[in-house]
Amino acid sequence: MSIQWFPGHMHATRKAIAERLPEIDVVIELLDARLPGSSANPLIAELTQGKPALKLLTKQDLADPEQTAQWLAHYQALVGTNAIALDAGMAAPIRALAPACRALAPNRGGMAKPMRVLVCGIPNVGKSTLINSLRGQRKAKTGDEAGVTKTEQRIVLEDDFYLYDTPGMLWPRIAVAQSGDLLAASGAVGRNAYDDVEVSLALLTQMLGRYPERLRERYKLQDMGGLNDEAVLAEIGRRRAPLLPGGRPDLQKAAEIAIHDFRSGAWGRVTLETLEEFAGWRAQADLADAARAARQAARKQKKQPQRGGGPAS
């Protein structure tokens with residue numbers, strides 16, 4: 001079962017975005033460069049359809065640069081869309097945001113028609129850090145957990161450039177199970193909505209398929225050939241956490257260590273999904289949704305009363 005998390009304040013955010021959109025010229029959506037497909041919110045895409053879009057791949061200093069380049073090209077190829085990679089320590093891309101927005105909406109600008117930009121994205125994707133960088137001061141709250149920003153903020157970047165920062169928002173049903181695991185691993189999902197061990201196993205599965213040498217180096221593992229995700233998690237527990245009675249590894253502590261190491265960048269620059277891989281996950285989810293819809297339709301049809309004539313006289 002995929003991870004789900006859509007608390008009440010996200011319902012309010014969805015409503016606030018829908019109300020704000022008629023006056024918005026450009027939508028900036030922040031994506032996590034380590035999971036650029038899974039962190040793209042389909043609800044935001046639905047709400048903002050037809051609006052010029054700027055995709056910002058944040059935390060690019062923690063992501064695989066080759067994969068980041070491919071994802072940037074993918075988003076830049078979309079109609080009415082541009083994409084930039086940045087991180088908290090980079091000044092040049094931040095200075096490029098205003099020109100990029102103006103290029104997407106060339107008919108806006110000046111005091112008579114000020115540029116109005118909406119900033120949105122999933123929780124813990126770096127919006128508050130971006131806002132602080134744009135302001136040049138530390139006013140917006142930041143934190144390594146979901147749900148830090150709870151209300152919309154209006155920021156005047158230039159005399160004719162208004163920025164509306166919205167709270168992080170997921171979507172009501174995460175159909176792609178792999179995306180739910182990666183979102184939880186990144187910190188986008190509330191702590192009580194997932195199991196650390198299950199999420200860490202999904203995380204280690206991706207790492208074993210893409211960057212096994214990073215795990216070997218980080219946890220001083222000798223032979224990776226025979227290790228699966230469960231075996232690696234157990235080794236992390238043996239090497240990095242106090243053992244349980246009987247010399248058993250503490251898998252909960254090991255899971256917390258693995259998730260923390262991913263979030264902090266201790267594994268180096270990693271991207272956990274390719275374009276092709278995410279497309280495959282999405283296709284599987286679409287097939288599952290279609291099968292679910294067919295079953296629901298069949299049950300509904302079965303429940304309908306049979307029409308027929310009355311009893312024979």
Side-chain angles (χ1 to χ4, degrees), residues 1-7 10 30-42 57-64 67-68 71 87 121-127 129 142-148 168-171 173-212 214-215 218-219 227-237 240-241 250-274 277-278 280-282 285:
M1 181 180 294
S2 61
I3 292 169
Q4 308 297 336
W5 191 58
F6 196 71
M10 291 187 184
L30 275 66
L31 309 176
D32 190 324
R34 300 166 300 175
L35 38 145
S38 292
S39 58
N41 189 334
L57 273 63
T58 65
K59 307 182 183 182
Q60 65 89 28
D61 54 326
L62 302 178
D64 185 326
Q67 290 298 321
T68 298
W71 279 99
D87 60 69
I122 63 170
N124 199 36
V125 75
K127 288 193 296 85
T129 300
T142 62
D144 187 24
E145 62 182 32
V148 172
M169 181 178 69
L170 291 175
W171 47 105
R173 190 175 74 84
I174 301 174
V176 180
Q178 297 90 337
S179 293
D181 290 327
L182 298 186
L183 289 167
S186 75
V189 175
R191 180 64 189 81
N192 295 327
Y194 63 90
D195 178 81
D196 287 317
V197 173
E198 293 300 320
V199 166
S200 69
L201 289 174
L203 194 55
L204 291 172
T205 296
Q206 291 303 104
M207 288 295 293
L208 284 169
R210 312 181 68 76
Y211 310 99
R214 307 291 182 83
L215 299 177
R218 177 66 178 172
Y219 305 114
L227 296 182
N228 61 13
D229 53 354
E230 294 180 351
V232 171
L233 186 63
E235 286 299 316
I236 294 173
R240 293 298 182 93
D250 187 333
L251 297 185
Q252 174 63 33
K253 291 293 184 184
E256 293 172 2
I257 290 168
I259 293 171
H260 175 270
D261 283 354
F262 165 64
R263 292 181 183 178
S264 66
W267 290 346
R269 302 183 68 168
V270 300
T271 299
L272 299 179
E273 55 191 20
T274 65
E277 189 172 32
F278 181 76
W281 295 345
R282 179 72 266 177

Sequence-distant partners of [X], salt bridge (Lys or Arg N to Asp or Glu O under 4.0 Å), two or more places apart:
X    : answer
D229 : none
R240 : none
E230 : none
R282 : D286

Measure the [atom1]-[atom2] distance between [X] and [Y] for me, rounded to the nearest 0.5 Å.
X    : Y    : atom1 : atom2 : answer
S200 : H260 : OG    : NE2   : 14.5 Å
N228 : T205 : CG    : OG1   : 8.0 Å
L31  : I122 : CG    : CD1   : 8.0 Å
E273 : D32  : CD    : CG    : 9.0 Å
Y194 : D181 : OH    : CG    : 11.0 Å

- Item | G237 backbone acceptor or donor facing D250 side chain under 3.5 Å |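 A pair under 3.5 Å: no.
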- Message: Would the distance check show the side chain of T58 and the main-chain N or O of D87 forming a donor-acceptor pair, the cut-off being under 3.5 Å?
- Response: no
- For the pair Q206 and V270, evaluate side-chain contact (heavy atoms from CB on, under 4.5 Å) and give the outcome as yes or no after the intermediate values. CA-CA 10 Å; Q206 291 303 104; V270 300; over 6 Å; no
- Mind telling me whether W267 and Y219 have parallel, tilted or perpendicular rings, with 30° and 60° as the class edges? perpendicular
- Task: Could you list all the salt bridge (Lys or Arg N to Asp or Glu O under 4.0 Å) pairs where at least one residue sits in residues 195-208, not counting sequence neighbours?
- Result: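 Qualifying pairs, neighbours excluded: R191-D196.
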- Run the side-chain contact (heavy atoms from CB on, under 4.5 Å) check on N124 and K59 step by step: do they pass? CA-CA 11 Å; N124 199 36; K59 307 182 183 182; 4.2 Å; yes
What are the two closest non-hydrogen atoms of [X] and [Y], and how far apart are they?
X    : Y    : value
L233 : A255 : CD1-N, 3.6 Å
A63  : T68  : CB-OG1, 3.6 Å
S38  : W171 : O-CH2, 3.3 Å
A258 : L203 : O-CD2, 4.1 Å
G180 : I174 : N-CG2, 3.8 Å
V189 : I3   : CG1-CG2, 3.9 Å

- Message: Contact between P123 and M10 at the side-chain level, heavy atoms closer than 4.5 Å - yes or no?
- Response: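 Yes - at least one pair of side-chain heavy atoms lies under 4.5 Å apart.
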- Do the side chains of R218 and I236 get nearer than 4.5 Å, heavy atoms only?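 No, their side chains stay 4.5 Å or more apart.
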- Task: Starting from the C-alpha separation in whole Å, work towards a yes-or-no answer on side-chain contact (heavy atoms from CB on, under 4.5 Å) for D64 and W71.
- Result: CA-CA 11 Å; D64 185 326; W71 279 99; over 6 Å; no
- Item | Candidate list R269, R34, R263, test side chain to side chain contact (heavy atoms under 4.5 Å, CB included), partner L62, passing option |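 The single option meeting the side chain to side chain contact (heavy atoms under 4.5 Å, CB included) with L62 is R34.
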- Task: Not counting sequence neighbours, which residues clear side-chain contact (heavy atoms from CB on, under 4.5 Å) with E235? List them please.
- Result: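 Residues passing side-chain contact (heavy atoms from CB on, under 4.5 Å) with E235: L221, R238, R239.
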- Task: Evaluate side-chain contact (heavy atoms from CB on, under 4.5 Å) for M207 paired with F262, printing each intermediate quantity in order.
- Result: CA-CA 10 Å; M207 288 295 293; F262 165 64; 5.8 Å; no
